[in-house]
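Since the structure comes first, as structure tokens, the remarks are kept for the end.
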Amino acid sequence: MARILITSAIPYINGIKHLGNLVGSQLPADLYARYCRARGDEVMFICATDEHGTPAELAAKKAGKPVAEFCAEMHEVQAKIGAGFGLSFDHFGRSSSPQNQVLTQHFAGKLADAGLIEEVSESQVYSNADGRFLPDRYIEGTCPNCGYENARGDQCENCTKQLDPTDLINPRSAISGSTDLEVRETKHLYLRQSALKDQLDEWIDSKTDWPVLTTSIAKKWLHDGDGLQDRGITRDLDWGVPVKKGTEDWPGMEGKVFYVWFDAPIEYIAATKEWADKTGGDWERWWRTDKGADDVRYVQFMGKDNVPFHTLSFPATIMGSGEPWKLVDYIKSFNYLNYDGGQFSTSQGRGIFQDQALEILPADYWRWWLLSHAPENSDSEFTWENFQAGVNKDLADVLGNFVSRVTKFCRSKFSEAVPEGGAFGEAENALIADLTTKIRAYETHISAMEIRKAASELRGIWVAGNEYLQAEAPWSTFKTDPDKAAGQIRLALNLIRLYAVLSAPFIPEAAAKMLSSMNTLDTSWPDDVEAAVNALPAGHAFTVPEVLFAKITDEQREDWAARFAGTRD
RNA sequence: GGCGUUAUAGCUCAGUCGGUUAGAGCGAACGACUCAUAAUCGUUAGGUCGGUGGUUCAAGUCCACCUAACGCCA
């Protein structure tokens, strides 16, 4: 039994995410976690909300709430949505937790001890009206290059020219609109990633089995231009982890907090501690190689935009600490999911948001389609036609109808119990052999986190059941040899249980319904397929389930396509 | 502007180290079946692999340039 630590990139607290965010990390991570558990591995599956930073403060202000209260509420909203999609986190934490505060300060202290923190003085724009320093993108003004009036301090959106906030004509705060701005000197801490460049480079080189997407992004950051740059890890904000050196104050850094990207990945560890504090579990045996984590395999899931932080910044924090923390063993990264020819857009309300998705269809529909179209090798595309076709064909016609035809036939010709009689012959043995091959391939794909291939293989496993029924035609056999038909249906009923077990990582709700209608708690993995198709013995009672998957109609599709094309109401 | 990714049947995508007639699912056509959610099963028709040139006995698969889309950085 292996021990697997799984983390999904932590979603930002600010608002409800769209489906692209789901398929890029949480959903595949959940698939893998469920699969590992089903195979008997000991799994710790961690996610959290990423709560610090300016956008959270501004969103709270817009909502007219204190930022802590806003984050607490949004955390509950996201937790509820996650549960709605069946995400089986062992713990869904918060980066604003006391545990993360302590750990983040701890890491900063260790990095400072190791000489990997540098204090840098820089000038930054301060807004007197807002009472705060303004990040570049929160300063607006007239572009000196093209005259565009709403240019941002980092770049003019109109002419794309790169700017410094001090270049802007008539600069103003994007938060309050105030023009009462001044440039002040302020001191910040920088993580000396450049000092760890060779160590990181060597480490990345050793990861020969990682997806190209992951390593190529890491390599680019390591070698582009002047190589890996030091990174500012503090900000002049109120909301965040106060800057401390371990448990001690950090002279000159009063009133400052750590940058959100410094404390966010540390939350993976802190969330595990949150879990431990809640359950009495031992978090260090997952994270400290000197305290039992040396046999843990740690896998991270994330979108490609998160890769630099997980391949470089966070490992730099871990390595630089000089302490035996667990480093990631495998990073599975994803490209983007596009919506109907363009991007999902949170700001434009374009595409489908997670809460809306759950309002219109059960989670399994989304899980199946999104996972079977996961953007693994390149960006992939969501269209309503494709979604409708995929869901109707795979779930309703191939799997759902299989369950329906088998259970209803048995009820009408025999009874609502596994029929007795008949013996497995050549056709049954051939099916068992075929399923064995396919199930072993399915295991291989899902173990390798080849999500699409796993989905395709699973579908093939479902199809094999229909092929068998079509070839053996128990409805015909029954007329001349009811005993033989009984054996065929006994096998088919057992396939329903088998399919439930195999499919549960993808479609947990439907799998639960299938098991419940088969009236069994036996979720044992089919290491031996022949044994698995004999699990439900003759005489075992079952019930005919409700329709597992209702089809999406053309009217629904058109209605939804229109509803989600434009602005979110 | 720099860097990177992608471009394969109507659609969504596979194609491992360059090597026999380029694969899958959907969609389409035809056939079989009638237990089932007008579901299922089978057969067939569709691509010369964005363009141009090159390397090679041999290229979708390597190289150069071009085009298009997207992304990252500055």
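Side-chain atoms are counted along with the backbone in the values below, which use heavy atoms only and exclude waters and symmetry mates. Residue numbering restarts at 1 for every chain, and letters A, B, ... go by the order of the sequence lines. Here the structure is a predicted model, which means the values were calculated and not measured.
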Which part of the nucleic acid does A:Ile489 contact within heavy-atom distance under 4.0 Å: base, sugar-phosphate only, or nothing?
->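 Nothing, no nucleic acid heavy atom in range.
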Name the nucleic acid region contacted by A:Phe402, choosing base, sugar-phosphate or nothing; use a 4.0 angstrom heavy-atom cut-off, strictly under.
->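 Nothing, no heavy atom under 4.0 Å.
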Could you check if the base of B:G46 is syn or anti? Syn means the glycosidic torsion is within 90 degrees of 0.
-> syn
Enumerate all atom pairs, one protein N or O and one N or O from nucleotides 42-47 of chain B, separated by less than 3.5 Å.
residue, atom, partner, partner atom, Å
B:G42, OP1, A:Glu467, OE2, 3.2

In chain order, what residues pass the ring pair (Phe, Tyr, Trp, His ring centres under 6.0 Å) check against [X], with sequence neighbours excluded?
X: A:Phe133; result: A:Tyr126
X: A:Tyr12; result: none
X: A:Tyr468; result: none
X: A:Phe478; result: A:Phe414

For nucleotides 22-29 of chain B, tabulate all protein N/O to nucleotide N/O atom pairs closer than 3.5 Å, reporting atom names and distance.
residue, atom, partner, partner atom, Å
B:G25, O3', A:Arg459, NH2, 3.4

Rounded [atom1] spacing from [N] to [M] in Å:
N: B:A45; M: B:A9; atom1: C1'; value: 11 Å
N: B:G19; M: B:U61; atom1: C1'; value: 11 Å
N: B:A69; M: B:G27; atom1: P; value: 32 Å
N: B:A58; M: B:U12; atom1: P; value: 35 Å
N: B:G25; M: B:C41; atom1: P; value: 11 Å
N: B:G51; M: B:G60; atom1: C1'; value: 14 Å
N: B:A22; M: B:C13; atom1: C1'; value: 14 Å
N: B:U16; M: B:U20; atom1: P; value: 12 Å

Taking everything shown except A:Glu416 itself, do over 12 heavy atoms lie less than 6.0 Å from its CD?
-> yes
Evaluate whether atom CD of A:Glu202 has more than 12 neighbouring non-hydrogen atoms of other residues, nucleotides or ligands under 6.0 angstrom away.
-> no
Using distance only, find each side-chain donor-acceptor pair of residues 449-457 of chain A under 3.5 Å and give its atom names and separation, not counting sequence neighbours.
residue, atom, partner, partner atom, Å
A:Arg452, NE, A:Ala374, O, 2.7
A:Arg452, NH2, A:His373, O, 3.2
A:Arg452, NH2, A:Ala374, O, 3.3

Return the orientation label for the A:Phe301 and A:Tyr32 ring planes: parallel under 30°, perpendicular over 60°, tilted otherwise.
->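 Geometry flag for A:Tyr32 against A:Phe301: tilted rings.
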Step by step, work out the salt bridge (Lys or Arg N to Asp or Glu O under 4.0 Å) result for A:Lys438 and A:Asp434.
-> CA-CA 6 Å; A:Lys438 288 184 159 75; A:Asp434 182 34; 2.9 Å; yes
Is RNA chain B part of any stem, that is, at least 3 consecutive Watson-Crick or G-U pairs with both distances under 3.5 Å, and where?
-> B:1-7 with B:67-73, B:10-13 with B:23-26, B:28-32 with B:40-44, B:50-54 with B:62-66
Ordered by number, residues from residues 493-507 of chain A within less than 4.0 Å of RNA chain B (heavy atoms) are none
Of all of residues 407-434 of chain A, which get a heavy atom below 4.0 angstrom from RNA chain B, listed by number?
-> A:Lys408, A:Phe409
Would a 4.5 Å heavy-atom cut-off, applied to side chains only, mark [X] and [Y] as touching?
X: A:Leu548; Y: A:Asp364; answer: no
X: A:Tyr259; Y: A:Arg231; answer: yes
X: A:Ile496; Y: A:Phe542; answer: no
X: A:Ile318; Y: A:Pro265; answer: no

A:Trp368 and its ring-ring contact (aromatic ring centres under 6.0 Å, His included) partner, picked from A:Trp462, A:Phe85, A:Phe549 = A:Trp462
For the pair made of OH in A:Tyr336 and C1' in B:C70, what is the distance, rounded to whole Å?
-> 11 Å
Atom pair distance, as rounded to whole Å: CZ in A:Arg405 and P in B:U40 =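 Interatomic distance, CZ of A:Arg405 to P of B:U40: 9 Å.
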Is a donor on one side and an acceptor on the other found under 3.5 Å between the side chain of A:Trp366 and the backbone of A:Ala357?
-> yes
Step by step, work out the side-chain hydrogen bond (donor to acceptor under 3.5 Å, both in side chains) result for A:Gln388 and A:Asp554.
-> CA-CA 8 Å; A:Gln388 178 194 28; A:Asp554 291 351; 2.8 Å; yes
Under the side-chain hydrogen bond (donor to acceptor under 3.5 Å, both in side chains) rule, collect the residues that match up with A:Trp475, sequence neighbours excluded.
->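 With sequence neighbours excluded, A:Trp475 shows a side-chain hydrogen bond (donor to acceptor under 3.5 Å, both in side chains) to no residue whatsoever.
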Dump every N/O contact between nucleotides 13-16 of chain B and the protein below 3.5 Å, one line per pair.
residue, atom, partner, partner atom, Å
B:C13, OP1, A:Glu381, N, 3.2
B:C13, O2', A:Arg452, NH1, 3.4
B:A14, OP1, A:Asn377, ND2, 2.9

Taking for A:Val406 and for A:Val398 the nucleotide of RNA chain B with the nearest heavy atom, the one nearer the 5' end belongs to A:Val406
For the side chain of A:Gln470, starting at C-beta, report the closest nucleotide among B:A32, B:U37, B:U34.
->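 Minimum distance to the A:Gln470 side chain belongs to B:A32.
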A:Phe382 and A:His18 aromatic centres sub-6.0 Å | no
Output yes when A:Arg459 and A:Asp394 qualify as a salt bridge under the 4.0 Å nitrogen-oxygen rule, no when they do not.
-> yes
